[in-house]
Number of protein chains: 2
Amino acid sequence: MELCPPNRSPGCPVEGALDAIGGKWKGVVLFHLLDGKKRFNELRRMMPGVTQRMLTRQLRELEADGLVHREVYAEVPPRVEYSLTAKGETLRDIILALKAWGETHVPYFALSKPRLPEAETA
Amino acid sequence: MELCPPNRSPGCPVEGALDAIGGKWKGVVLFHLLDGKKRFNELRRMMPGVTQRMLTRQLRELEADGLVHREVYAEVPPRVEYSLTAKGETLRDIILALKAWGETHVPYFALSKPRLPEAETA
DNA sequence: TGCATTAGTATACAAAATGTCACTATATGC
DNA sequence: GCATATAGTGACATTTTGTATACTAATGCA
């Protein structure tokens, strides 16, 4: 295991991929960014339960992994827009597959999903 | 968030799916089980770095989620075989997609992969 | 007799991830 | 003047995850 990078050291590609998207909120953030750029508070409102601090952290990690782009506008009040990078885009199919799997196999969702117009599901 | 099951309460299907496969070793365990049943120590040898305790825990959680089947043989020395359930099998494509993504996008793997015969990669 | 093997469990502890709460700056609307 | 909104940060508490070590019981092998 000594050939691995100092901080993160996955032992196999599956683990490596899960490291990148496996944070508590990362999958959800990526999912929301699939349909275009979002502002910080916009994301926050989309995920009730996430705290400001956690959202910031997850976004920073996604940025560090090159999956998300952060664009700061020097305005007041501040405006920051998050979007997927090209690398982030390569996760699209996986995220959508995870969503589909969750909908049919996670008990909580497998039950009560009377076909909503996609916006409410996450 | 009060409509969720007591212990696990993902806010969206993506999160729910990641809960199921997102443990430190779950993805890897599932990956190894893709090609058939494995004994406890067999899995352990396949993942250097995992401790007995962690492997036990991850397997128990996978079992609780209905993804893995645990078959105990009343022998001495004990023999326990782990295999994917039908539900676990439904993750095959996702696991393989994660592996492929990791191989091309996780820096550590993206570098030095001179096409190994699949057995060594994880 | 003593040691190895199997699939764990118990205990204690360390570290990492996640969470809460209060705080910031500046401009706009009332 | 005061509240509101934005996108955060800092100190701290808690929860989850991981580690190390020792222990189990029945059998095979030397």
Side-chain angles (χ1 to χ4, degrees), chain A residues 1 4-12 15 18-29 32-33 37-65 68-83, chain B residues 1 4 6-12 15-16 18-29 32-33 37-65 68-83:
Chain A
M1 296 287 108
C4 297
N7 39 357
R8 300 260 191 106
S9 49
C12 97
E15 197 187 336
L18 285 172
D19 268 2
I21 64 172
K24 176 86 181 279
W25 306 96
K26 288 185 191 173
V28 198
V29 168
H32 286 301
L33 291 181
K37 65 178 67 163
K38 299 271 177 297
R39 296 183 57 171
F40 183 84
N41 274 359
E42 204 171 350
L43 284 170
R44 195 146 80 102
R45 279 187 291 266
M46 285 171 153
M47 329 181 210
V50 76
T51 58
Q52 222 167 9
R53 184 164 227 282
M54 275 316 296
L55 183 53
T56 303
R57 284 204 203 171
Q58 301 280 292
L59 283 166
R60 287 284 147 48
E61 289 183 29
L62 289 168
E63 200 193 351
D65 282 339
V68 158
H69 174 69
R70 180 168 176 265
E71 184 91 35
V72 184
Y73 296 86
E75 303 174 1
V76 167
R79 181 160 60 104
V80 178
E81 284 178 350
Y82 292 93
S83 54
Chain B
M1 295 286 110
C4 296
N7 39 357
R8 299 263 191 103
S9 50
C12 97
E15 197 188 335
L18 284 172
D19 268 2
I21 64 171
K24 176 84 181 282
W25 305 97
K26 287 185 191 175
V28 198
V29 168
H32 285 302
L33 291 181
K37 66 178 67 162
K38 298 272 178 297
R39 296 183 59 169
F40 183 84
N41 274 359
E42 204 171 351
L43 284 170
R44 194 145 81 103
R45 278 187 291 266
M46 285 170 154
M47 329 180 210
V50 76
T51 58
Q52 219 169 13
R53 179 174 229 270
M54 279 312 300
L55 184 53
T56 304
R57 282 204 205 170
Q58 301 280 292
L59 284 166
R60 288 283 147 46
E61 289 184 28
L62 288 169
E63 199 193 351
D65 283 338
V68 157
H69 173 69
R70 179 166 176 266
E71 182 91 35
V72 185
Y73 296 86
E75 304 174 356
V76 167
R79 180 159 62 104
V80 178
E81 283 179 351
Y82 293 92
S83 54

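Computation of the quantities below employed the complete heavy-atom set of this structure, encompassing side-chain atoms and omitting hydrogens, waters and symmetry-equivalent molecules. Numbers restart at 1 for each chain; the letters A, B, ... are given by sequence-line order, proteins then strands.
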- Item | Close side-chain approach of A:Phe40 and A:Arg79, heavy atoms under 4.5 Å | no

- Item | With B:Glu71 via side-chain hydrogen bond (donor to acceptor under 3.5 Å, both in side chains) - residues at least two apart | B:His69

- Task: Whole angstrom is fine here: how far is it from CG in B:Asp19 over to P in C:dA17?
- Result: 16 Å

- Item | Separation between CG of A:Leu18 and NZ of B:Lys26, rounded to the nearest 0.5 Å | 10.5 Å

- Intra- and inter-strand pairing of DNA chain C, written as dot-bracket with Watson-Crick and G-U pairs under 3.5 Å and | for the latter, reads |||||.||||||||||||||||||.|||||

- Message: I'd like to check A:Arg39 versus A:Val80 (side-chain heavy atoms, cut-off strictly below 4.5 Å). Are they in contact?
- Response: no

With the criterion being N/O to N/O and under 3.5 Å, what pairs connect the protein with nucleotides 13-15 of chain C, and how long is each?
none

- Query: Do A:Glu81 and A:Lys37 meet the salt-bridge criterion of a basic N to acidic O distance under 4.0 Å?
  - Reply: yes

- Note on the structure: Residues passing the side chain to side chain contact (heavy atoms under 4.5 Å, CB included) test with B:Lys38, sequence neighbours excluded, are B:Leu33, B:Asp35, B:Glu42, B:Leu43, B:Met46

- Expressed in angstrom and rounded to an integer, what is the separation of B:Tyr73 atom OH from C:dA7 atom C1'? 14 Å

- Task: Apply the test side chain to side chain contact (heavy atoms under 4.5 Å, CB included) to residues A:Tyr82 and A:Leu59: give CA-CA distance (whole Å), side-chain angles for both, the deciding distance (0.1 Å), then the verdict.
- Result: CA-CA 8 Å; A:Tyr82 292 93; A:Leu59 283 166; 3.6 Å; yes

- Rounded distance (nearest 0.5 Å) linking atom NE2 of A:His32 with atom SG of B:Cys12: 6.0 Å

- Message: If we ignore hydrogens and angles and just use 3.5 Å, is the side chain of A:Glu63 paired with the main-chain N or O of A:Val68 as donor and acceptor?
- Response: no

- Query: Taking only residues two or more places apart in sequence, or in another chain, which ones meet B:Val50 in a side chain to side chain contact (heavy atoms under 4.5 Å, CB included)?
  - Reply: B:Trp25, B:Arg44, B:Met47, B:Met54, B:Leu55

- Take nucleotides 5-24 of chain D nucleotide by nucleotide from the 5' end and write B, S or -, depending on whether a protein heavy atom sits under 4.0 Å from the base, only from the sugar-phosphate, or from neither. -BBBSBB------BBB----

